[in-house]
Amino acid sequence: MVKGVLTLPRDIKRTTIVDVGRRAGVSTKTVSRVFNDEPHVSEDVKKRVRAAADALNYHPNVFAQSLVRRRSHLIGLVYEKPSASYVVDLQMGVLDRLEGERYRLIVIPVQSVHDNAHNIVGLLRSAALDGVVLAPPASDHPVILKQLADAGIRFSRIAPSRQLELGCSTLLDDVAGAQAVAAHVLALGHRDIGIVKGDPGHAATDARLIGYGQAFRDAGCEMRLDRIETGLFTFDGGLEAGRRLLDRTDRPTAILAQNDEMAVGVMLAARELGLSIPGDLSIAGFDDAEASRIVWPRLTTVRQPVFDMAVAATGMLIDQLEGRLAVQRSEHKNQLLIRDSTAPLSPSGPESGPKPEHASVANA
């Protein structure tokens, strides 16, 4: 044996469908029918075949099954430039729902849905996917939705805000979530408030601005357009937007960032100037990403149940693929999480000091 090279014993024999049939006392054709979920097989026979397969550590060949059924049993997950924790929650939610199912997941990250919308469905077709779960902004893109419908590819949508009549969707009220976090900051006495918005191509960007605006109107104050900067939902974008907002003679006493990555970027911009958080500047984010819980001070934010939405959307897709009646709408709720990065504004300046975390429902 060559040093450093692992060699396997030559007498290792791979378990086959013949071995399973022999152990279960049935024909290979019957074993095949069990694993292909064909009708007219008794429950007793199914149990014997599966018990034999477990005992022999036999796993059916997914690709062979696909040829028989003319289906790939592959589903896709399309998403764009998410934060690390966001994509983990998406993938873990899909995989959690696929546990025990015959379907396998193909992850399809897209650098820019806007720039690649006309190519995405072609990619799905070339991969022979049975269906796809669409995360924002793909879940809202009219070209993708039309091409999927024209191609007859089943799909489900996570947090769409447009054309809600198309397909199965998990719904979340971004407007209500943004209104809740803005109302919290306003209730602390802040009126000089800056905003770091996300990617203009995402529906969530507009929805969250609308929510902020509603909170400002309810508080009887103006949401100043000259204090809105674009951060593109990235840490670097938040850092640069924070620098622009804080490099002013009338710098804000609080900043609302439309996701947590940008909020953490704003935190760094504040520390570059020697500002304390929340003593000199209150900061709030959105999403409840992992970064919001490990930075100091911990970030006030809005929790989105991304994992739960991914589970629900995957279930909707599987129901469609299995010919079952699929739920068309699944409503999910945000939570406002008040942590240490926001504090009341007092006549002598913002009051600092840690506060216990507590949560409230942002959209009931």
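Heavy atoms only: backbone and side chains are in, while hydrogens, waters and symmetry mates are out.
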*Asks:* Is there side-chain contact between Arg251 and Leu275, with heavy atoms separated by less than 4.5 Å?
*Replies:* yes
*Asks:* Rounded to the nearest 0.5 Å, what separates atom CG in Asp130 from atom CD in Glu322?
*Replies:* 9.5 Å
*Asks:* What is the distance from atom CG of Leu209 to atom CG of Asp206, rounded to the nearest 0.5 Å?
*Replies:* 6.5 Å
*Asks:* Got a sec: does the CD of Glu290 have more than 12 other heavy atoms crowding it under 6.0 Å?
*Replies:* no
*Asks:* Are the side chain of Asp280 and the backbone N or O of Ser276 linked by a donor-acceptor pair below 3.5 Å?
*Replies:* yes
*Asks:* What heavy-atom pair brings Thr301 and Ser292 nearest, and what distance separates the two atoms?
*Replies:* CG2-OG, 4.2 Å
*Asks:* Step through the shown structure and confirm whether more than 12 heavy atoms of other residues, nucleotides or ligands are within 6.0 Å of CZ on Arg154.
*Replies:* no
*Asks:* Contact between Asp173 and Glu331 at the side-chain level, heavy atoms closer than 4.5 Å - yes or no?
*Replies:* no
*Asks:* Taking the side chain as every heavy atom from C-beta outward, state whether Leu245 and Val266 have any atom pair closer than 4.5 Å.
*Replies:* no
*Asks:* I'd like a table of donor-acceptor pairs (distance under 3.5 Å, sequence neighbours excluded) in which one partner is a side-chain atom from residues 137-145, with atom names and distances.
*Replies:*
| residue | atom | partner | partner atom | Å |
| --- | --- | --- | --- | --- |
| Ser139 | OG | Ile158 | O | 3.0 |
| Asp140 | OD1 | Ser161 | N | 3.0 |
| Asp140 | OD1 | Arg162 | N | 2.9 |
| Asp140 | OD2 | Ser161 | N | 3.1 |
| Asp140 | OD2 | Ser161 | OG | 3.2 |
| His141 | ND1 | Val143 | N | 3.2 |

*Asks:* As a quick check of understanding, evaluate side chain to side chain contact (heavy atoms under 4.5 Å, CB included) for Ile318 and Leu98, giving each step before the final call.
*Replies:* CA-CA 9 Å; Ile318 291 174; Leu98 290 180; 3.7 Å; yes
*Asks:* Any side-chain heavy atom of Val181 sitting closer than 4.5 Å to one from Asn334?
*Replies:* no
*Asks:* Within a reach of under 6.0 Å around CZ of Arg244, are more than 12 heavy atoms found that belong to other residues, nucleotides or ligands?
*Replies:* yes
*Asks:* Taking NZ, NE, NH1 and NH2 as the nitrogens, is one of them in Arg248 or Asp192 under 4.0 Å from a carboxylate oxygen of the other?
*Replies:* no
*Asks:* Are more than 12 heavy atoms from other residues, nucleotides or ligands located less than 6.0 Å from atom CG of Asp247?
*Replies:* no
*Asks:* Give a yes or no answer on whether the side chain of Asp260 reaches the backbone of Ala289 with a donor-acceptor pair at less than 3.5 Å.
*Replies:* yes
*Asks:* What's the separation between atom OG1 in Thr28 and atom CD1 in Ile17, rounded to the nearest 0.5 Å?
*Replies:* 6.0 Å
*Asks:* Would a 4.5 Å heavy-atom cut-off, applied to side chains only, mark His40 and Arg33 as touching?
*Replies:* yes
*Asks:* Heavy-atom count around Glu165 CD within 6.0 Å, excluding the residue itself: above 12?
*Replies:* yes
*Asks:* Can you confirm whether Arg243 sits close enough to Leu273 that some side-chain heavy atom of one is under 4.5 Å from a side-chain heavy atom of the other?
*Replies:* no
*Asks:* Indicate whether the side chain of Thr170 and that of His332 have a donor and an acceptor atom separated by less than 3.5 Å.
*Replies:* no
*Asks:* Check the pair Thr205, Thr230 against side chain to side chain contact (heavy atoms under 4.5 Å, CB included), reporting the backbone distance first and the verdict last.
*Replies:* CA-CA 10 Å; Thr205 298; Thr230 300; over 6 Å; no
*Asks:* One thing to verify: whether Arg224 and Asp250 come together as a salt bridge, which I'm taking to mean a side-chain N less than 4.0 angstrom from a carboxylate O.
*Replies:* yes
*Asks:* I need the Arg303 CZ to Asp287 CG distance, nearest 0.5 Å.
*Replies:* 11.0 Å
*Asks:* Just by distance, do the side chain of Thr300 and the backbone of Ala284 share a donor-acceptor pair under 3.5 Å?
*Replies:* no
*Asks:* Can you measure from CG (Leu171) to CD (Gln328) and round to the nearest 0.5 angstrom?
*Replies:* 11.0 Å
*Asks:* Keeping to residues at least two apart or across chains, list the side chain to side chain donor-acceptor pair (under 3.5 Å) pairs with something in residues 114-127.
*Replies:* Ser112-Asp115
*Asks:* Nearest heavy-atom pair of Gly167 and Phe155: which atoms, and what distance?
*Replies:* CA-CE1, 4.0 Å
*Asks:* Would a hydrophobic clustering, with Ile, Leu, Val, Met, Phe, Trp and Tyr connected at side-chain separations under 4.5 Å, put Ile120 with Leu134?
*Replies:* yes
*Asks:* Please check if Val110 and Leu129 belong to a single hydrophobic cluster, counting links between Ile, Leu, Val, Met, Phe, Trp and Tyr side chain heavy atoms closer than 4.5 Å.
*Replies:* yes
*Asks:* Considering non-hydrogen atoms only, spot the tightest contact between His190 and Ala343 and give its length.
*Replies:* NE2-O, 2.9 Å
*Asks:* Quick check for you: to the nearest 0.5 Å, what is the distance between Phe286 atom CZ and Leu337 atom CG?
*Replies:* 10.5 Å
*Asks:* Membership question, hydrophobic clusters at under 4.5 Å side-chain separation (ILVMFWY): are Leu232 and Ile228 in the same one?
*Replies:* no
*Asks:* Considering non-hydrogen atoms only, spot the tightest contact between Arg298 and Arg339 and give its length.
*Replies:* O-CB, 3.5 Å
*Asks:* Would a hydrophobic clustering, with Ile, Leu, Val, Met, Phe, Trp and Tyr connected at side-chain separations under 4.5 Å, put Leu186 with Leu225?
*Replies:* yes
*Asks:* Does any non-hydrogen side-chain atom of Phe233 lie less than 4.5 Å from one of Met262?
*Replies:* yes
*Asks:* Can you get from Ile210 to Ile195 by hopping between Ile, Leu, Val, Met, Phe, Trp and Tyr side chains that sit under 4.5 Å apart?
*Replies:* no
*Asks:* With side chain to side chain contact (heavy atoms under 4.5 Å, CB included) as the test, would you mind laying out the steps for Leu239 and Glu272 before giving the verdict?
*Replies:* CA-CA 10 Å; Leu239 174 60; Glu272 288 177 342; 4.2 Å; yes
*Asks:* Taking atom types as modelled, find out whether Gln179 and Asp218 have a side-chain donor-acceptor pair closer than 3.5 angstrom.
*Replies:* yes
*Asks:* Could you go step by step and tell me if Arg157 and Leu166 meet the side chain to side chain contact (heavy atoms under 4.5 Å, CB included) rule?
*Replies:* CA-CA 9 Å; Arg157 306 163 66 191; Leu166 298 180; 3.7 Å; yes
*Asks:* Looking at Lys47 and Asp44, does any basic side-chain N land under 4.0 Å from a carboxylate oxygen?
*Replies:* no
*Asks:* Would you say Leu325 has more than 12 foreign heavy atoms packed within less than 6.0 Å of its CG?
*Replies:* no
*Asks:* Clusters formed by hydrophobic residues whose side-chain heavy atoms approach within less than 4.5 Å: which one holds Met316, and what are its other members?
*Replies:* Val327
*Asks:* Which atom names give the shortest non-hydrogen contact between Tyr212 and Met223, and what distance separates them?
*Replies:* CB-SD, 3.7 Å
*Asks:* Are side-chain heavy atoms of Val94 and Val107 found at a separation under 4.5 Å?
*Replies:* no
*Asks:* Ignoring hydrogens and angles, tell me if any N or O in the side chain of Asp19 forms a donor-acceptor pair with the backbone of Thr16 under 3.5 Å.
*Replies:* yes
*Asks:* If you compare all heavy atoms of Gly76 against all heavy atoms of Leu105, which two are closest, and at what distance to 0.1 Å?
*Replies:* C-CD1, 4.2 Å
*Asks:* Hey, is the main chain of Cys168 close enough, under 3.5 Å, to the side chain of Ser156 for a donor-acceptor pair?
*Replies:* no
*Asks:* I'd like to know if the side chain of Arg97 reaches the main chain of Thr314, judged simply by a donor and an acceptor atom lying under 3.5 Å from each other, with no hydrogens or angles considered.
*Replies:* no
